[in-house]
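A short worksheet on the structure shown next.
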Amino acid sequence: MLKGIAASDGIGIGKAFIIKPQTLSYNPRTVTDTEAETERFNNAVDEFCGETEVKVEALRKNSENIDADIISGHISMARDPYMLDEVRRLIREGKCAESAFETICDNFIAVFSSAEEDIIRQRAADMKDVKAGVLRCLLGIKEMDPDCIPEGAVIVARELTPSMTAGMKKENIAAMITETGSSTSHCAIIARLFEIPSVMSIAGLMRKVNDGDMIICDGTSGEVFVSPDEGTLKSYTEKRDELIRIKNELEPFRGLPTRCKSGRTFRLMCNIGSPDDVRRALDADCEGVGLFRTEFMFMNRNTLPTEEQQFEEYKKTALMLNHKPLVIRTIDIGGDKDIPYMGLEKENNPYMGCRAVRYCLKMPSVFKAQIRAILRAGAFGNVSMLIPMITCEEELLECKKMIQTAKDELKAENEQFDPDMKVGVMIETASAAVIADILAEECDFFSIGSNDLTGYTMCCDRGNSSVDHLYSPFQPGVLRLIKHTIDCAKKKGIPVELCGEAAAYPMMIPLLISYGLDSFSVSPPSVLKVRHLIDGWDEEQTHEISDHVNSLRSCTRIIEYLSDVTNNKIIFRDIT
Ligand code: PEP
Ligand code: MG
């Protein structure tokens with residue numbers, strides 16, 4: 001099995017169609033007739049732009065506007081007056097057109113590639129595409145004909161550039177896998193847009209796959225199987241067919257409000273781990289982001305992100321959401337998330353130790369930088385701040401004091417920020433749930449973290465298989481805490497969301513409706529599923545169910561009963 005970056009959800013199965021990079025080699029020459037060489041170069045640029053215009057027109061006719069926009073950008077790049085002048089200057093100095101053009105393109109590519117911003121680095125890929133296109137015209141080499149890609153093929157390439165994907169009939173492609181690229185590269189965007197399962201950045205891919213090999217691409221897990229055994233092929237084929245069936249059943253719920261049969265509406269939000277996930281969340285038809293887990297931004301690097309760097313990321317996320325709600329959670333490190341440079345002390349039991357808000361309050365400079373960045377991002381959208389792992393009122397009051405100090409500083413510095421930003425508390429410890437009435441007095445909203453609430457209530461490590469039988473949000477103790485939390489929020493009149501995995505469990509949904517939950521925050525692939533499930537319930541019916549659940553004494557009984565009453569609503573065997 002090969003592993004790469006999961007770039008576009010879903011399972012694709014088919015035979016490998018390898019796209020080899022075209023060989024564009026030439027012998028650099030010194031030219032004496034520089035005028036003729038300049039004309040040869042001008043003709044090649046004209047030919048490239050002409051071919052590209054034809055492609056753009058075809059794409060627009062096909063409503064493939066993203067590809068059309070990118071490809072038409074290549075024309076402007078190839079006709080950039082500064083670049084053309086530089087190439088012509090090198091030709092006048094005696095370089096052949098190929099060598100002159102390649103030298104100038106490589107200069108641009110080096111500059112773009114070293115940029116910090118993803119979007120500018122992306123221009124390096126476009127420039128490589130333009131370079132290859134004009135060189136091809138100079139060398140008189142024909143482009144690969146996309147029509148030769150057989151139906152149902154899995155595209156395998158070192159890199160897939162915009163001009164390569166532009167002509168492909170997307171509906172014929174089972175999956176796309178590449179050796180380079182990231183979840184923000186052009187190919188990944190196209191894959192998501194056309195819902196083509198895709199995995200990128202698979203080390204050594206081109207050495208490990210031959211033309212015609214059977215491939216399974218799981219774009220959700222990032223796993224790729226080359227020439228799988230019969231059992232694996234059978235189980236993935238079943239999984240793929242099940243996903244297609246579910247998708248078809250859910251599609252009619254796109255664009256609809258989230259409401260139950262009796263008309264009550266809910267907010268259906270997404271959980272994200274980086275600004276890059278916003279696209280997926282919006283494509284999934286979410287109504288906002290209910291949980292931005294910011295700790296991922298602190299991982300995979302060697303130093304703390306500065307306030308400015310954090311601000312840019314949060315602002316970008318807020319702008320992408322275009323005034324839809326964005327709940328940014330302050331860092332939740334510790335527990336299973338160690339970040340070596342952040343100086344967490346080794347603890348015997350890190351889940352019970354200096355995690356999340358406890359770490360932040362011990363490291364006020366780290367916390368303050370994040371608070372300031374979030375407040376500043378609030379000037380660019382509908383942003384609120386969420387504090388994880390609160391266990392008592394003092395912690396919350398201390399956080400609020402720091403938030404106030406940060407606001408005072410920002411005001412004194414004349415910085416733009418949201419002075420009225422809502423501040424919420426994650427209810428994910430047993431103590432927080434029990435004192436929800438007290439916490440509700442001091443915050444603007446609750447977000448129930450059922451993953452940790454289950455762990456901290458049942459005293460189970462998440463993911464410790466020897467206590468798996470106890471780790472369930474359907475344990476009466478956990479359900480009562482969820483209900484109590486929602487009751488306290490209602491009494492105080494503050495909204496309450498649930499952002500743990502349980503928000504998408506078919507058996508949990510009638511209970512959450514009955515308890516009075518306002519918002520569900522789930523992963524992007526679960527959005528339409530949850531809307532569909534909510535749509536199936538009448539509030540009266542959910543009250544009967546929750547009353548009965550309340551009378552049951554064990555998790556086993558509760559699950560038995562709920563699976564019975566929700567059975568006809570579970571069209572999702574494989575995805576909970
Ligand atoms: C939770 O605990 O339910 C939660 C949403 O937070 P995390 O999974 O990030 O701990
Ligand atoms: Mg948690």
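Counting convention: from 1, in listed order, for ligands and their atoms alike. What's counted below: heavy atoms across the whole structure, side chains too, no hydrogens, waters or symmetry copies.
- Side-chain contact between M363 and M342 is absent, with no heavy-atom pair separated by less than 4.5 Å.
- The atoms of ligand 1 that sit less than 4.0 Å from any heavy atom of C499 are 5 (C).
- Comparing M389, E501, R293 by heavy-atom distance to atom 5 (C) of ligand 1, the nearest is R293.
- Residue-ligand proximity, L291 to ligand 1, at heavy-atom distances under 4.0 Å covers atoms 5 (C).
- Within ligand 1, the atoms closer than 4.0 Å to a non-hydrogen atom of D332 are 10 (O), numbered from 1 in the order shown.
- Taking a cutoff of 4.0 Å between a charged side-chain nitrogen and a carboxylate oxygen, D518 and K490 qualify as a salt bridge.
- Ligand 1 places these atoms under 4.0 Å from at least one heavy atom of R355: 10 (O).
- Every atom of ligand 1 with a heavy atom of M426 under 4.0 Å away is listed here by number and element: 4 (C), 5 (C), 6 (O).
- Looking at atom 6 (O) of ligand 1, its nearest protein heavy atom turns out to be R329 NH1, 3.0 Å.
- Crowding of E415 atom CD: a count of heavy atoms from other residues, nucleotides or ligands under 6.0 Å exceeding 12.
- We find that K239 and E242 are not joined by a salt bridge, their nearest charged nitrogen and carboxylate oxygen being 4.0 Å or further apart.
- Annotation for ligand 1: atoms under 4.0 Å from non-hydrogen atoms of G449 are 1 (C), 2 (O), 3 (O).
- For the pair I177/I202, a side-chain contact is recorded, criterion being any heavy-atom separation below 4.5 Å from C-beta on.
- To the nearest 0.5 Å, atom CE of residue M389 and atom OG1 of residue T330 are 11.5 Å apart.
- Atoms OD2 of D452 and OE1 of E428, as seen from the Mg ion (ligand 2), are separated by an angle of 100°, to the nearest 10°.
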